[in-house]
Amino acid sequence: MRIVLIHPNYHSGGAEIAGNWPPAWVAYLAGYLKHAGYTDLCFIDAMTHHLSDEQVRERLLALQPDIIGCTAITPAIYKAEALLKMAKEALPQAVTVLGGIHGTFMYPQVLQEAPWIDAIVRGEGEQVFLNLVRAVDDGRWRTEGPGVVHGIAYRQDGQVVATPAEPPIQDLDRVAPDWGVLEWDQYIYIPMGVRVAIPNFARGCPFTCSFCSQWKFWRDYRVRDPIKVVDEIETLVREHQVGFFILADEEPTIHRKKFIAFCEELIRRDLGVLWGINTRVTDILRDEALLPLFRRAGLVHVSLGTEAAAQLKLDRFHKETTVAQNKKAIALLREAGIVTEAQFIVGLENETAETLEETYQMARDWNPDMANWAMYTPWPFSDLFQELGDKVEVFDFEKYNFVTPIMKPDAMDRAELLDRVMHNYRRFFMNKAFFQYPWTKDRTRRRYLMGCLKAFAKSGFQRSFYDLGRVGYWGPQSKGKVDFGFAGERVHARPDAAAIAAADEGWVTMHGPKIAMRRREGEAIAAEALSRMSEVADGPAATP
């Protein structure tokens, strides 16, 4: 039984400006399969190697797999569909499988437009894909049909069928990744010039931001044993020479006890590795006294979901935060020597030149080390997409990438929106480059910030930042020539709201109650950690 996993060749000029990101999904899936005895597994990273469909086809013909699996976030869905079509044409007997967040909720549309896909794995993939592999291996897939596997969707007699959802894996420590399946010399974090990894500390999120769907995809919030996570990081450092990692979680600081234990274990082992996270403003405020501990553990970069400079937008996004909290959290992180990044979501229908200027002025007032203006991307399976209704006019999912203006603001066209966002970037980072980064006293922090500036400059020179080269933007003088390429050969239709709602039936999630209890318990845990900190002399911050 030979299995081939493929990461599609999709690029957008977004987060990848900081380097090539290792597809962690492959490591976790491969480790789970190999633990179950399925060791004949190969990985084709078409994205990192910029492989064409024909090059992937040649690899598949040489490997002759029984099962071909591919993943897809929303903007990569067409690349994934095309890859699996090519795979089915080249190897008609192979079972073609799609996983990822887009297929999880959009499977009715995907299976209608890509009938060559034999099955779509819905949600967390390890156990579902293992069950599918076993069904193919023992012949039940052919004799009894795909319906024997829970957690998938498929076509049968022209109709789309979804089997009952597979429960989430409650003990995440059962998912031991095989990091050796990745080509580590390919995954370099440009700001530091070192190999980068994206390990998993927890899965899920208790919050229900209206623009997001991560909480919906993972269904339940679960945290791994922090000691085992550090074991994994030590393996990445010792065996694969990883010098920087970013926790993949939406908010790794939710479970205070385990996050504190994670940091303390990193300090104890002294691996000399720096790292970053995304988290919520409220967690930073809650953990003000613990920030020095986090920094000693090597935490050097925190990206905050500040999202908006106006309270009205924060409320619309269901962020459960305030503008004042955003400003204070950034100040606290800066005082602790941690690099801060403020995230702004822009480009909704009510965006104006004035509101974009407001975000810039707010960024200057808050003074984060970095700021990111992400174009609002209306995931078709998110709550806000449904609320926006016919205000969403573009359904070319390849452009749903946080850098292409999907929405057209009422008061400006999309080219002007892009130009105003670039105007914010230019002013913000010019100020940082000349008046702040080079004069930062903390040597580690200064080196990191200058490395980030290098990554921005590199992507700007290559015209890959924000996909500027592809859309033809060269500055304010080129606004009239910008072409976002919405009118392609493919005909894109509005997703069927009824089909999306039907796809959600039986898809049970949790959020709120259990985490609220953990947060209350966290006060005592934090007090214990602070007590331990006072007993230990402060040591130097972790350096690479």
Please confirm whether the backbone N or O of [Y] pairs with a side-chain atom of [X], one donor and one acceptor, at under 3.5 Å?
| X | Y | value |
| --- | --- | --- |
| Asp249 | Glu251 | no |
| Lys432 | Pro368 | yes |
| Tyr78 | Phe397 | yes |
| Asn401 | Pro75 | no |
| Arg122 | Ala165 | no |
| Tyr10 | Glu398 | yes |
| Glu16 | Ser12 | yes |

Could you note down all residue pairs passing salt bridge (Lys or Arg N to Asp or Glu O under 4.0 Å) where residues 186-208 supplies at least one of them, sequence neighbours left out?
->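 Found Glu124-Arg203, Glu126-Arg203.
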Kindly say whether the aromatic ring centers of Phe381 and Phe217 come within a distance under 6.0 Å.
-> no
Ring centre gap for Trp179 and His240 strictly below 6.0 Å = no
Verify the distance criterion only: is there a donor paired with an acceptor across the side chains of [X] and [Y] at less than 3.5 Å?
| X | Y | answer |
| --- | --- | --- |
| Asn278 | Glu341 | no |
| Thr253 | Thr279 | yes |
| Asp45 | Tyr187 | yes |
| Arg174 | Tyr32 | yes |
| Asp467 | Tyr473 | no |

Measure across Asp220 and Pro168 and return the closest heavy-atom pair with its distance rounded to 0.1 Å.
->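 Closest pair (atom of Asp220, atom of Pro168, distance): CB-CG, 4.3 Å.
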So do the side chains of Phe129 and Ile3 get within less than 4.5 Å of each other, counting heavy atoms only?
-> yes
Does some side-chain heavy atom of Tyr221 sit less than 4.5 Å from a side-chain heavy atom of His255?
-> yes
What's the spacing between Glu264 CD and Arg268 CZ if we round to 0.5 Å?
-> 11.0 Å
Taking only residues two or more places apart in sequence, or in another chain, which ones meet Asp231 in a salt bridge (Lys or Arg N to Asp or Glu O under 4.0 Å)?
-> Arg269
Going by the angle between their ring planes, with limits at 30° and 60°, are Phe201 and Phe262 parallel, tilted or perpendicular?
-> tilted
Lys/Arg N to Asp/Glu carboxylate O, Arg256 vs Asp287, below 4.0 Å | yes
Considering only NZ, NE, NH1 and NH2 on the basic side and carboxylate oxygens on the acidic side, decide whether Asp225 and Lys258 come within less than 4.0 Å.
-> no
Taking Phe456 as the fixed residue, which of Phe428, Phe429, Tyr437 is the one that meets the ring-ring contact (aromatic ring centres under 6.0 Å, His included) rule?
->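 Of Phe428, Phe429, Tyr437, ring-ring contact (aromatic ring centres under 6.0 Å, His included) with Phe456 is met by Phe429 alone.
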Pick from Asn424, Thr359, Asn372, Val421: which one makes a side chain to side chain contact (heavy atoms under 4.5 Å, CB included) with Phe344?
-> Thr359
Worked verdict on Asn326 versus Leu304 for side-chain contact (heavy atoms from CB on, under 4.5 Å) | CA-CA 8 Å; Asn326 291 342; Leu304 292 171; over 6 Å; no
Contact list for residues 18-31, test side-chain hydrogen bond (donor to acceptor under 3.5 Å, both in side chains), sequence neighbours left out |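 Output for this query lists His7-Trp25, Tyr28-Glu232.
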